[in-house]
Amino acid sequence: MSGERLRNFIGGEYIDAKDGRTMEVIDPSTGEAYAEAPASGPGDVDAAFRAAAEAFPAWRDATPGERSLAMLRFADAVERRAGDLVSAESRDTGKPLQLTMDEEVPPMVDNLRFFAGASRVLEGKATAEYMADHTSSIRREPIGVCAQVTPWNYPMMMAVWKIGPALATGNTVVLKPSETTPASTLLLAEIAAEFLPPGVFNVICGDRDAGRALVEHPTPQMVSITGSVRAGMEVAASAAKDLKRVHLELGGKAPVVVFDDADVASAAAGIAEAGYFNAGQDCTAATRVLVADRLHDDFTEALTEAAKGTTVGPPSDTDAYYGPVNNANQLDRVQGFIDRVPGHARVLAGGERVGDRGYFFAPTVVGGLRQDDEMIQDEVFGPVITVQSFTDEAQAVEWANGVKYGLAASVWTQNHGRAMRMTKALDFGAVWVNTHIPMVSEMPHGGFKHSGYGKDMSMYGIEDYTRVKHVMHYIGG
């Protein structure tokens, strides 16, 4: 262990946990501890919320232009410090360095700049006389102090998705990153402190107990979490006791519906890229393929070859498309799904750990699965793509929608009418046609059913972080 020591970031400065407890932070590409982070307790959570509450009035009352300028300067600094952020991110996640620089930093910076601009164009119903002798107007106000929890698959990007709309609309934040990936989020807070008043953006480290203390604390008026369905349900139940507003972005099991008029080679290549990116650790990953029976054999062969041609390796490997899964428990989870593959199914590629150091898992394809099989119904969250065949459009819709999740889906066809019917019928918050996984700051991201509720990104994300107040004036004589 290198002995690196991380600390909470509260009120604009780094602070140790009050009781001095720490947790090891593991580099998943080696499986070895490289740092210690605070194991925050209730006292640390309370200190962070006091700082956020004290900072709220001034940040709320800053003009949209002032908040926008601060966020634009923050975004510029993130761009300048990209190398440091990517280094911290790769150490915590094992992601390839250059791929992370190319694929994650630009959208992060863009998202901060989008919300910097969005803060200046908040909308409401037109001021007008909806009753004789009375003028009504709408105020869109910040909620107050927000508690936020981010996952380990995209630590710094999910932090940006959370803080962007919150800060732009005048809220203050206490954010807890996953216990396995705190480093890049702490660095974001340090960078932001040059431009934001102390206490506006606070980061505490800790495990599930710290997360529960965050949600149960009486100060925050809103709780936002990106994480597992289990965690989301616990947060919603806890927040309900105090009637806190809740934003949940949870799991996914994205159907990828490939019709018989799709181009086999391009579909297989695109789906492999969207399924194996970030080791499949993405709630929107293209990991559940439904392919028309006439195309099934050709497509499966092409996908299997694409899997075998996908390189997994450590952060420094410039040929690696993805790195390790995040932690030992996740490696065991992925392997467990493979070990339990039913007898009627077959592992066509991969299916095993790569090497004996770190948490690497081979790009995997599993065929012959049935709709009620565990691997179809439950989120694997690893580099595993399943393939089923369907007979007609009705069955494709039935099977695509036949899971508890509703986050994302894609349709691959050259038939415009079919594409329109499918995008209407699929019960998912985002549906792509002839592509899978691109996202832009102007468009919302969020799901239905067990994938949660609320939207990240876009002006719809702004709505979750503001409250609407009606103001009426009597103007009669």
Side-chain angles (χ1 to χ4, degrees), residues 9-13 48-81 85 105 107-124 137-148 150 156-175 185-203 219-224 245 247 440-442 444 454-469 471:
F9 197 87
I10 298 175
E13 60 183 356
F49 278 124
R50 280 202 310 273
E54 290 170 2
F56 174 65
W59 187 244
R60 174 199 61 200
D61 294 340
T63 66
E66 290 169 337
R67 291 197 297 268
S68 177
L69 181 59
M71 291 187 66
L72 287 171
R73 288 172 172 166
F74 176 28
D76 291 344
V78 167
E79 199 167 44
R80 288 194 302 272
R81 298 285 301 277
L85 285 163
V105 172
M108 284 170 50
V109 172
D110 181 73
N111 204 247
L112 286 171
R113 288 173 176 157
F114 171 83
F115 280 112
S119 68
R120 307 186 73 165
V121 290
L122 300 183
E123 296 178 349
S137 62
I138 293 293
R139 291 183 57 87
R140 188 175 286 275
E141 300 177 340
I143 294 170
V145 177
C146 298
Q148 300 180 326
T150 52
M156 63 181 181
M157 185 180 291
M158 294 300 97
V160 165
W161 282 20
K162 295 284 186 227
I163 65 175
L167 300 181
T169 48
N171 301 282
T172 56
V173 168
V174 177
L175 187 152
T185 306
L186 288 166
L187 183 53
L188 274 174
E190 177 188 315
I191 294 169
E194 182 179 350
F195 313 103
L196 305 178
V200 169
F201 176 26
N202 309 275
V203 175
T219 295
Q221 298 299 300
M222 176 188 179
V223 178
S224 175
R245 188 181 294 198
H247 174 122
V440 293
S441 297
E442 292 84 355
K455 298 298 182 184
D456 290 311
M457 303 196 295
S458 81
M459 295 302 292
Y460 295 97
I462 288 283
E463 293 179 4
D464 283 343
Y465 287 93
T466 56
R467 61 186 189 180
V468 171
K469 178 186 289 183
V471 179

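Since this is a predicted model, take the numbers as computed values, not measurements. For the numbers below, each heavy atom of this structure counts, side chains included, while hydrogens, waters and symmetry mates do not.
Annotation: side chain to side chain contact (heavy atoms under 4.5 Å, CB included) contacts of Pro107 (sequence neighbours excluded): Met157. With sequence neighbours left out, the side-chain hydrogen bond (donor to acceptor under 3.5 Å, both in side chains) criterion links Ser68 to no other residue. With sequence neighbours left out, Thr466 forms a side-chain hydrogen bond (donor to acceptor under 3.5 Å, both in side chains) with Arg140. With sequence neighbours excluded, the residues that form a salt bridge (Lys or Arg N to Asp or Glu O under 4.0 Å) with Arg139 are Glu141. With sequence neighbours excluded, the residues satisfying side chain to side chain contact (heavy atoms under 4.5 Å, CB included) with Ala147 are Phe49, Leu214, Pro220, Val223. Among residues two or more places apart in sequence or in another chain, the side chain to side chain contact (heavy atoms under 4.5 Å, CB included) test is passed with Ser224 by Gln148, Lys162, Met222, His247, Tyr465. Judged as a side chain to side chain contact (heavy atoms under 4.5 Å, CB included), and not counting sequence neighbours, the contacts of Glu13 are Ile15.
Screening residues 187-197 for side chain to side chain donor-acceptor pair (under 3.5 Å) gives Tyr14-Glu190 as the qualifying pairs, with residues at least two apart or on separate chains. The side chain to side chain donor-acceptor pair (under 3.5 Å) analysis of residues 72-81, with sequence neighbours excluded, yields the pairs Asp76-Arg113, Glu79-Arg113, Arg81-Asp84.
Taking each heavy atom of Met459 and Ala118 in turn, the nearest pair found is SD-CB, 3.5 Å. Residues Ala75 and Val109 come closest through the heavy atom pair O-CG1, 3.9 Å. Scanning all heavy atoms of the two residues, the minimum distance from Gly454 to Asp464 falls at CA-OD2, 3.2 Å. Of all heavy-atom pairs spanning Ala48 and Ile10, the tightest one is CA-CG2, 3.7 Å. In this structure, Ala168 and Ser119 approach most closely via the heavy-atom pair O-CB, 3.1 Å. Closest heavy-atom contact between Phe9 and Ala193: CZ-CB, 3.6 Å.
In this structure, the separation between CZ on Arg120 and CG on Leu69 is 8.5 Å, given to the nearest 0.5 Å. From Ile462, atom CD1 reaches atom CD of Glu123 across 10.5 Å, with rounding to the nearest 0.5 Å. Here the straight-line distance linking atom CG of Leu72 with atom CZ of Phe115 works out to 13.5 Å at 0.5 Å rounding. Between the CD1 atom of Ile143 and the OG1 atom of Thr172 there is a distance of 11.0 Å, given to the nearest 0.5 Å. Note that the CG atom of Asp456 and the CH2 atom of Trp161 stand 6.0 Å from one another [nearest 0.5 Å].
Using a 4.5 Å heavy-atom cutoff, the side chains of Arg467 and Arg245 are in contact. Using a 4.5 Å heavy-atom threshold, the side chains of Leu112 and Phe74 count as touching. Using a 4.5 Å cut-off on side-chain heavy atoms (C-beta onward), Val440 and Phe114 make no contact. Side-chain contact check for Asn202 versus Leu175: every heavy-atom pair is 4.5 Å or farther apart. Between Leu85 and Ile191 there is a side-chain heavy-atom pair separated by less than 4.5 Å.
A donor-acceptor pair is defined here as one N or O able to donate and one able to accept, closer than 3.5 Å; such a pair exists between the side chain of Arg67 and the backbone of Ala62.
Within a 6.0 Å radius of CZ in Phe195, other residues, nucleotides and ligands contribute more than 12 heavy atoms.
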Exercise answer: donor-acceptor pairs, residues 50-61 side-chain atoms, under 3.5 Å, sequence neighbours excluded:
residue : atom : partner : partner atom : Å
Arg50   : NH1  : Asp46   : OD2          : 2.5
Trp59   : NE1  : Leu167  : O            : 3.1
Trp59   : NE1  : Asn171  : O            : 3.3

Audit row: Gln221, Val145, side chain to side chain contact (heavy atoms under 4.5 Å, CB included) steps and yes/no: CA-CA 6 Å; Gln221 298 299 300; Val145 177; over 6 Å; no
